[in-house]
Amino acid sequence: MKRALFFLGQLDSRDVEWMIRNGQKIELGIGEKLIQKGNFIDSLYIILSGQLAVCAENGDKEDIATLGSGEVVGEMSFLETRPPSVSVIAKKASTVYKISRQVVELRLSTNPDFKANFYYALALFLSNRLRKTTDQLGYGTPEEEDLIDTKILDGVAQAGSRFGQILNRFSQA
Ligand SMILES: Nc1ncnc2c1ncn2[C@@H]1O[C@@H]2COP(=O)(O)O[C@H]2[C@H]1O
């Protein structure tokens, strides 16, 4: 759950208000695909509720990862401008917030504060995901995976309650 704070927790309230005004909510039923391996995507997604699985679709039964509330999806395509190498499928009925790449790029090019917050938020999020992958490979220390530097979060409790407010605002949008 705390992984979710790495992205949204770094944005300020103006960024969040802007996101709410500029995106849209989408609902996914069980088994519905958010992202199809190989197909370019033109949006960034934030999971509001539910559960999605990242899968290779190469015959492997096992999912690569399970994603939940607050997590960002599609950020790799966003950063690299490449088609996704995996698919993302709803495991449970899910609500996802979608914001178009074009709209994010426009704000990035006109608002330096947003740009700094946004890339820092993505860097923290991706760093934490890599830590989790290291743990999954049998290395690392899983119990430390969710430990967060309080400097980064400006107090875990504060970040947690802020995250709740953010999700609430997105859910009402
Ligand atoms: N190993 C992984 N762990 C968690 N999420 C992943 C992993 N690999 C890919 N994803 C997510 O799945 C998405 C597929 O589309 P993207 O490549 O744009 O962005 C990817 C990430 O958001």
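Small disclaimer: the values here were computed from a predicted structure and weren't measured.
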Just by distance, do the side chain of [X] and the backbone of [Y] share a donor-acceptor pair under 3.5 Å?
| X | Y | answer |
| --- | --- | --- |
| Thr134 | Leu130 | yes |
| Thr66 | Ala53 | no |
| Tyr45 | Ile35 | no |
| Asn111 | Arg107 | no |

Rounded at 0.5 Å granularity, tell me how far [atom1] in [X] sits from [atom2] in [Y].
| X | Y | atom1 | atom2 | answer |
| --- | --- | --- | --- | --- |
| Ser85 | Ile64 | OG | CD1 | 7.5 Å |
| Leu48 | Lys98 | CG | NZ | 14.0 Å |
| Lys132 | Leu137 | NZ | CG | 11.5 Å |
| Leu44 | Tyr97 | CG | OH | 12.0 Å |

For the residue pair [X] and [Y], establish whether any side-chain heavy-atom pair is separated by less than 4.5 Å.
| X | Y | answer |
| --- | --- | --- |
| Asp113 | Asp12 | no |
| Leu124 | Phe7 | no |
| Phe78 | Ile41 | no |
| Glu71 | Leu52 | no |
| Ile99 | Trp18 | yes |

Are [X] and [Y] connected, step by step, through hydrophobic side chains (Ile, Leu, Val, Met, Phe, Trp, Tyr) whose heavy atoms are closer than 4.5 Å?
| X | Y | result |
| --- | --- | --- |
| Ile47 | Met76 | no |
| Leu106 | Leu79 | no |
| Ile89 | Val54 | no |
| Ile46 | Val16 | yes |
| Leu122 | Val104 | yes |

For atom NZ of Lys92, is the number of surrounding heavy atoms from other residues, nucleotides or ligands below 6.0 Å larger than 12?
->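 No, not enclosed.
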
What pair of heavy atoms forms the shortest contact from [X] to [Y], and how long is it?
| X | Y | result |
| --- | --- | --- |
| Lys91 | Ile30 | O-CG2, 3.8 Å |
| Val86 | Ala56 | CG1-CA, 4.4 Å |
| Ser43 | Ser100 | OG-CA, 3.9 Å |
| Ala90 | Gly29 | CB-O, 3.3 Å |
| Asp15 | Phe114 | OD1-CD1, 3.3 Å |

Just do the side chain to side chain contact (heavy atoms under 4.5 Å, CB included) check on Lys115 and Leu108 with the steps written out, would you?
-> CA-CA 5 Å; Lys115 190 171 183 176; Leu108 287 171; 4.1 Å; yes

Derivation and outcome, side chain to side chain contact (heavy atoms under 4.5 Å, CB included), residues Val96 and Val73 | CA-CA 9 Å; Val96 175; Val73 190; over 6 Å; no

Pairwise side-chain hydrogen bond (donor to acceptor under 3.5 Å, both in side chains) hits with a residue in residues 73-84, at least two apart =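 Output for this query lists Glu75-Arg129, Thr81-Arg101.
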
Candidate list Lys37, Lys33, Glu57, test side chain to side chain donor-acceptor pair (under 3.5 Å), partner Ser87, passing option |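 The passing option is Glu57.
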
